[in-house]
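Take a look at the structure set out below.
Every value quoted in this text rests on a predicted model; they were computed, and no experiment measured them. All ligand and atom numbering here is 1-based and tracks the order in the structure.
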Amino acid sequence: MTADTMARTDWAEVNARLSGSHPREVLRWAVETFYPRLTMATAFGPEGCAIIQMLSEIEPGVRVFNLDTGYQFPETLELRDRIAERYGIEVELLRPDTTVAEYEAMNGGPLYRVNSDQCCHDRKIVQLRRAVVGYDAWISSIRADQSAHRAKASLVGWDAKFNLVKINPLLTWSHRDVWAYVVANKVPYNPLHDQGYPSIGCWPCTRAVGAEEDERAGRWAGQAKTECGLHSLDSSQL
Ligand code: SF4
């Protein structure tokens, strides 16, 4: 299938067929349809780790990558190594062209303090655009109940922003479903989750949250920003 064909494909029938399926079945469909031109991005949240565990049983050859901004927590990078040891899946760390020191020197200091959108663009989006070149589809770990914005996503759809099909196998799972799976399958997870961090990104833009707060309240706290731009939807994905 060419990119043009995929862009014009009506994914409604596929979504209807996969609706109600276990994420493992959605992944199996994705592998049968797109592999080896199938890739996955992960920030090593429990969702991503659960998907990696499923992929290790379906097709461990799927290329998985992480956008390593230079601002990740040490615990996140250590989790990458534990995943590799456990499942034999070496998540590729994709880094920007500049180190954090170079980037901050270029911008007169940390840009995340004054222009987090630009920082996310430079440290993440540019790398994602490069990472998906040559692939037909990518897997993400978003859940519909994480935000009103994410609730508009579909299991499978054309991602016009990055020009390939996007698959969201965990879309209909809840926070509880994910953790039940992680615990039942002894999937490695970030120890910061046990210290009040339900959602973990870069350390400057992540804080612990209280028991009553939304699980993503600790991301870009104090800003209107809720997404780094990887999962922004356009009309073709609704
Ligand atoms: S999450 Fe924060 S530190 Fe990370 S790329 Fe975005 S603005 Fe920069």
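- Using modelled atom types and a 3.5 Å distance limit, the side chains of T42 and N66 yield no donor-acceptor pair.
- Those atoms of ligand 1 with a heavy atom of C205 less than 4.0 angstrom away are 1 (S), 2 (Fe), 3 (S), 7 (S).
- Transitive grouping of hydrophobic side chains (ILVMFWY, heavy atoms separated by less than 4.5 Å) brings L170 and W179 into a common cluster.
- Annotation for E25: atom CD counts as buried by contact number, over 12 foreign heavy atoms lying within 6.0 Å.
- Using a 4.0 Å cut-off to heavy atoms of S116, the atoms of ligand 1 that qualify are 7 (S).
- Listed by number with element, the atoms of ligand 1 under 4.0 angstrom from any heavy atom of Y71 are 3 (S).
- Not a single N/O/S atom of C120, whether from backbone or side chain, sits less than 2.8 Å from atom 2 (Fe) of ligand 1.
- Residues passing the side chain to side chain contact (heavy atoms under 4.5 Å, CB included) test with S199, sequence neighbours excluded: R216, R219.
- Put simply, C202 stays out of reach of atom 8 (Fe) of ligand 1, with no N, O or S atom under 2.8 Å from it.
- Between R28 and E32 there is no salt bridge, since no side-chain nitrogen of the basic residue lies less than 4.0 Å from a carboxylate oxygen of the acidic one.
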